Trainee: 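Take a look at the following structure, please.
The model shown is predicted, which means the values in this text are computed figures rather than measured ones. We name chains A, B, ... by the order of the sequence lines, and we start the count at 1 in each one.
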Amino acid sequence: MASTDTRPRHAELGLGDADVLGMYRAMLLARAVDERMWLMQRAGKIAFIISGQGHEGAQVATSWPMRKGTDWMAPYYRSIASAMTFGMSAEDIITAHLAKGDDVSSGGRQMPGHYGGAPYNIISLSSPVGTQVLHAVGIAMGAWVRGDDVVAMTSFGEGTANQGEIHEAMNFAGVHNLPVIFVCENNGYAISVPLERQVAGGSVAARAAGYGMPGVVVDGGDVLACYGAAKEAHDRAKRGEGPTLIEARVVRLTSHSSDDDQRRYRDPSEVEALKERDPIPMFANELRANGILTDDGEETMRAEVKAEVNEASKRAEARPEPTPDDAHERVYADPIPGGGTAVPLAPVGGGGQ
Amino acid sequence: MASTDTRPRHAELGLGDADVLGMYRAMLLARAVDERMWLMQRAGKIAFIISGQGHEGAQVATSWPMRKGTDWMAPYYRSIASAMTFGMSAEDIITAHLAKGDDVSSGGRQMPGHYGGAPYNIISLSSPVGTQVLHAVGIAMGAWVRGDDVVAMTSFGEGTANQGEIHEAMNFAGVHNLPVIFVCENNGYAISVPLERQVAGGSVAARAAGYGMPGVVVDGGDVLACYGAAKEAHDRAKRGEGPTLIEARVVRLTSHSSDDDQRRYRDPSEVEALKERDPIPMFANELRANGILTDDGEETMRAEVKAEVNEASKRAEARPEPTPDDAHERVYADPIPGGGTAVPLAPVGGGGQ
Amino acid sequence: MAELNILEAIRAAMDEEMERDERVMILGEDVGRKGGVFGATEGLWAKYGDKRVLDTPLSEGMIAGAAMGAAVYGLRPVAEIQFADFVYPGFNQIVSEISRIHYRSNGTFSAPMVIRMPYGGGVHGALYHSQSNEAYFTHTVGLKIVAPGTPADAKGLLKSSIRDPDPVMFFEHKKTYRLFRAEVPDGDTVVPIGKAVVAREGKDLSIFCYGFMRTCALEAAETLAGEDGVEAEVVDLRTLRPLDLETILASVEKTGKALVVHEANRFGGFGAEIAAEISEKAFEHLDGPVTRLAGPEVPGVPFHHALEDWFMIGPPRIVDAARKLAAY
Amino acid sequence: MAELNILEAIRAAMDEEMERDERVMILGEDVGRKGGVFGATEGLWAKYGDKRVLDTPLSEGMIAGAAMGAAVYGLRPVAEIQFADFVYPGFNQIVSEISRIHYRSNGTFSAPMVIRMPYGGGVHGALYHSQSNEAYFTHTVGLKIVAPGTPADAKGLLKSSIRDPDPVMFFEHKKTYRLFRAEVPDGDTVVPIGKAVVAREGKDLSIFCYGFMRTCALEAAETLAGEDGVEAEVVDLRTLRPLDLETILASVEKTGKALVVHEANRFGGFGAEIAAEISEKAFEHLDGPVTRLAGPEVPGVPFHHALEDWFMIGPPRIVDAARKLAAY
Ligand SMILES: Cc1ncc(C[n+]2csc(CCOP(=O)(O)OP(=O)(O)O)c2C)c(N)n1
Ligand SMILES: Cc1ncc(C[n+]2csc(CCOP(=O)(O)OP(=O)(O)O)c2C)c(N)n1
Ligand SMILES: [Mg+2]
Ligand SMILES: [Mg+2]
């Protein structure tokens, strides 16, 4: 970005006012859903919550360039805002946390936080951290083999970055210039273990050089910087120039999960200071300074978001519970009947094949 | 190394003439053992050989600073020269390849190329590539926890560098500044897969930055450069400054193993050109240019080496075969008799406890 | 004698062993300042310091492999895998390396180390925080496998495991961590690896179990005695490898009937080994088919409480299976 | 009908499936220009190009995980693991991911893919090039496990596996690759997954086997018939999961005696599952103890030929075990 450009930053990046307001709204909505679910957890309606609070700026911004219905996402357990930006509704998210029988992610089979959705090209997540990164690379490999114009994006924490599979994934993507974007949401902790005990040298992005790809560090509180990095990565991927590793420095505003209490390993002053890096007020300030967001506008937006979350949780709660009747089903796909019959050549891509 | 220094390079590095002649002799001996084993393989005495030819310069030089009886080594299947520099005799190596019953590595239980030796602090190697790298890190961790002045060294190929465990090992070593030296012997191929299909970006050493440690590329044909890098790494480790990754660019002069035929995937001209990077004549030339090695000296040395290999193979062949009588033994260590008896506090380190 | 729950017993075992042998160290994710996600190592970091209670990066392969290197070097590492479900990144090190180094080196190296893993379901953990994956390890020659069901056994067996010259995988059923308190002998009391225990004597059939299933089987046995007049003998295996066949066969010879119970799915589960051994070695004593009761053939415990209840094995299902076998 | 050996049959299956379905791709170490270390993919790189026959970096985790991503995306990947012994770095992806994605996503995603692995000993490969590690996978719900013993089965089952909507692990005993040639039906003939076959009819006892053990069991059966007048029925399981219990139980009902044979070590091996099922479900038909014959309890095949011979199971040991059982 040329510093002589006098347009606001978002315009430099090719974003209109409606875009940035949309991004801001997406952040507010993700936060509201998240906060609502903590309430539901305390009320005993949701068994467990693992939160994305503090990560919303990076998540909305890095997911924003992804093309719905075309691109693919392999998220992680904090990816509420990413998954929502990529297509999941507030109702989808809450339904999954309530483990309802028609939840799009797993029909109540998985714990909260295990996103997935065949209609959205979001591949089902498991719990062992980092496995999803190879799936994104595999999707990108599939697209590359078939010549499809598809980009895969995946996200994970900085603790997870130390799993061997991440290394294998990035190296393979680098060897073949696969169309994949790696987003590391570095919040400085892996449960209780701080960055300096976790990542030698302290920078995940520094590893990109060893995989022949660009590595970019962005401030997760700077939404437009995150967007710019992701847009560039998406463009590179589409141009066949290969993968990008984005490390977004974010804050974890909550404990690791509803099972954790971060006061056991984090100073109160440290926790207090995190609020200053909350991406929501930071982005709001920028939008206000540019005159894009007004008090009125924000108030309307917040009211809408609140109504949406109310509505979503009401509808989600009304959905049916799963029953054990078919808990033994869908272990295997249907067997192919008879021998020797040719499998029809189905189109690939889209909607979990 | 200051280029204004007029001393020969080895003197700059603190090596005497006897040292460099010793290194050269070690290379000759390793090569002679290696060549002899190919002959024995063709004669049907040895079932399989995986060769170190072309790697000897890097191996002798990087192992040279290691302190016998104190430091530890986790080698790989090409490490003939490393293992010999660190203590294994020509006879040990040949005995292991003949799978004799009193072979120090495994008593005939493992395939050729699976080095190990409790008396030498060389930890027993398996076949899945790269696992030994974590063992070296574990040894270094043990020394660090106990406060022992011990350095661990490990070596592996550039294909192996793409296993996840390598990443996990280096990162952990980097986090705690463990006293370990990683030597990647990059010979450009992993069986048939060339470097550019294997290592994104083409440099293993470039990954060191992502683990907060120095990464050094050295020409494996330049023995003194390899030594210099290893000496510095060893000194750093001893000073508590942590690990170093050395990438030695070497040549694989043979097929991958006696089961492989590299003509299937490598141009004859490419194979021919490798000879120019054979570290033995390269080092000889340097020593001759400095007047350290003479025709006579070399002749004597080669005669000695030949006699040593003759003698070693004769003795190795005469050793007893293992018998199936105790093939089911040494699966578990002896159980502790009785309950509640305190285990005596044995000293740690040295000789595979 | 102190009254401890299983979690406290495990913590006490580590504490005592660290006191008496300075080679013992702990490593794993969040085991340090946080004291482990279940609190098993609480207080040990403060007592033994940063190196002997070491928070590692998030890499199970590294934890297993580095522990092995340290064990070969001469330490006695106790590695914690946060959930048994997350051991697979370390599978290569455990199965290729830790289990085999003694044999492959012709007995010249060994890896005296312990891998502790919380396992089992019934805690709303779904597919990936509920697994009972012991059968992947019991098949692995070179490992010893322990799965205690009481506080005294947990403490005594963990102490034995830490002292054992071979690698031990120590399975802790997380539902039992705080399930009950029971007396644990004070002082340096160990429970030997490789010995099953008859937890309840009976004459009509034998129930073989371990871990949490011990509690369930004992409860089922009381029901059977009260409601059916059936006296079930409950054998808690405690160690899965090496298996105490002597105790198992003696029980079957007495009762003539064997019911094998575990939470893992049935097909290829550890129960198959017990059943196969009994059917081969006690063939002439059997008055009914060796019966297995195990988790359903689905890829994990599903999350929703109704589905989880459907999955889990508890006393009522053991009672049902035992009734059927007793009536045979 | 062509006469092929097992290696050629496997190559032909991949070639034909790549011809008829452009979603099929191959990936693995050295599978491209070199054609695989055993030559299974020879010629396919030249025919189908660099992308559909893809040489990967040396990372089994990556191979398994990327194959799964591509399968979910819509391809039909056939991954080669160079030796079954080297699958463990990919264990996490296979056991946590590939086997579970269908169930965990409530059936909305699936991973139709094949993992081919040469396994087994008797080839001077020692501990790490000889493993029979099928039991780690047969216990895993969500996977299908295939282990053919003839060229026709190898081809027909690999074709079925590639078309199967579920993940299949395909075990190829490397000693059988070039052991013999036999007729393989021309054209698009598949062999269904999940069906055992009676390879030899008999009335005195049943031998259950798979892979290389089929050949050994058939040879043993001829010896038994010739020298002892014992007619052994040989059942080649072919698919280990789902197991064809119907054929197994029918055979035991007929003969009253079951001998289960495999090369992997006995404790917790796949034979335990077969034995346990027979002893539970055919209890009333048994005229003798269900007997297992398996590899010794050591951590792998030792290298030296005398030690390897000691380890391996061949026709003589099967004859011995069968004689004892027949005489019961
Ligand atoms: C393989 C594996 N090991 C351990 C865990 C337990 N666990 C869940 S989240 C987590 C920390 C992850 O930290 P990071 O990657 O930094 O992500 P963050 O939660 O900070 O966003 C751990 C250890 C797991 N889920 N998977
Ligand atoms: C985990 C694992 N996968 C595959 C193999 C088979 N294999 C043995 S050596 C080798 C290539 C290694 O290449 P590199 O690391 O470059 O070492 P080099 O042989 O070139 O010295 C392969 C694929 C193995 N031994 N272990
Ligand atoms: Mg984090
Ligand atoms: Mg190489």
Trainee: Could you have a look at B:A99, B:G130, B:S127, B:G164 and say which one has the most heavy-atom pairs with chain D under 4.5 angstrom?
Mentor: B:S127
Trainee: Is the shortest side-chain heavy-atom distance between D:F83 and B:P128 below 4.5 Å?
Mentor: no
Trainee: Taking side chain as everything from C-beta outward and backbone as N, CA, C, O, which of these in B:D260 sits under 4.5 Å from a heavy atom of chain D? Side chain, backbone, both or neither.
Mentor: both
Trainee: Testing the basics here: between B:P324 and D:A306, what is the closest heavy-atom pair and its distance to 0.1 Å?
Mentor: CG-O, 3.7 Å
Trainee: What distance do B:T323 atom OG1 and D:W310 atom CH2 have between them, rounded to the nearest 0.5 Å?
Mentor: 11.0 Å
Trainee: Is D:H305 close to chain B through its backbone or its side chain, or both, or neither, when contacts mean heavy atoms under 4.5 Å?
Mentor: neither
Trainee: B:A190, B:S126, B:A161: which one forms the most heavy-atom pairs within less than 4.5 Å of chain D?
Mentor: B:S126
Trainee: Less than 4.5 Å to any heavy atom of chain D: does that hold for the side chain of B:T131, its backbone, both, or neither?
Mentor: neither
Trainee: Taking side chain as everything from C-beta outward and backbone as N, CA, C, O, which of these in D:Q82 sits under 4.5 Å from a heavy atom of chain B? Side chain, backbone, both or neither.
Mentor: side chain
Trainee: Can you tell me if CZ on D:R181 sees more than 12 non-hydrogen neighbours from other groups inside 6.0 Å?
Mentor: yes
Trainee: What part of B:V199 gets closer than 4.5 Å to chain D, counting heavy atoms only: side chain, backbone, both or neither?
Mentor: neither
Trainee: Treating D:D30 as the side-chain partner and B:S192 as the backbone partner, does any N or O pair qualify as donor plus acceptor under 3.5 Å?
Mentor: yes
Trainee: Inspect the surroundings of NZ in B:K314 and state if more than 12 heavy atoms from other residues, nucleotides or ligands are less than 6.0 Å away.
Mentor: no
Trainee: Distance check, rounded to the nearest 0.5 Å: D:Y88 atom OH versus B:E165 atom CD?
Mentor: 13.0 Å
Trainee: Going by atom types alone, do D:S59 and B:N162 pair a side-chain donor with an acceptor below 3.5 Å?
Mentor: no
Trainee: Pair D:H304, B:E321 - check side chain to side chain contact (heavy atoms under 4.5 Å, CB included), show working.
Mentor: CA-CA 8 Å; D:H304 188 280; B:E321 305 294 326; 2.6 Å; yes
Trainee: Could you check whether the rings of D:Y128 and B:H114 sit parallel, tilted or perpendicular, using 30° and 60° as the cut-offs?
Mentor: parallel
Trainee: Starting from the C-alpha separation in whole Å, work towards a yes-or-no answer on side chain to side chain contact (heavy atoms under 4.5 Å, CB included) for D:K34 and B:I191.
Mentor: CA-CA 9 Å; D:K34 184 174 160 81; B:I191 308 187; 3.9 Å; yes
Trainee: So, for D:H129 and B:M111, which heavy atoms are closest and what is the spacing to 0.1 Å?
Mentor: ND1-SD, 3.4 Å
Trainee: Taking every non-hydrogen pair under 4.5 Å, which of D:V37, D:T56, D:D50 racks up the most with chain B?
Mentor: D:D50
Trainee: At a heavy-atom separation under 4.5 Å, does D:P89 approach chain B through its side chain, its backbone, both, or neither?
Mentor: side chain
Trainee: Determine, step by step, whether B:R197 and D:E29 satisfy the salt bridge (charged side-chain N to carboxylate O under 4.0 Å, His left out) criterion, reporting the C-alpha distance in whole Å, the side-chain angles of both residues, the deciding distance to 0.1 Å, and the verdict.
Mentor: CA-CA 11 Å; B:R197 289 279 167 128; D:E29 295 156 12; over 6 Å; no
Trainee: Pick from D:G32, D:G300, D:P296, D:A126: which one has the most heavy-atom pairs with chain B under 4.5 Å?
Mentor: D:A126
Trainee: Looking at chain D, which one of B:E329, B:K100, B:Q198, B:H256 has the largest number of heavy-atom pairs inside 4.5 Å, strictly under?
Mentor: B:Q198
Trainee: Quick check against the 3.5 Å criterion: does B:Q163 have a side-chain atom that pairs as donor or acceptor with the backbone of D:L58?
Mentor: yes
Trainee: If you count the non-hydrogen atoms of other residues, nucleotides and ligands that lie under 6.0 Å from NZ in D:K51, is the total more than 12?
Mentor: yes
Trainee: Once you round to the nearest 0.5 Å, how far does CZ of B:F48 lie from CZ of D:F303?
Mentor: 8.5 Å
Trainee: Return the minimal non-hydrogen interatomic distance between B:G108 and D:L307, and the atom names on each side.
Mentor: O-CD1, 4.1 Å
Trainee: Decide yes or no for D:P299 and B:V331: does some side-chain heavy atom of the first lie under 4.5 Å from some side-chain heavy atom of the second?
Mentor: yes
Trainee: Check B:R109 with D:E308, please: is the shortest side-chain N to carboxylate O separation under 4.0 Å?
Mentor: no
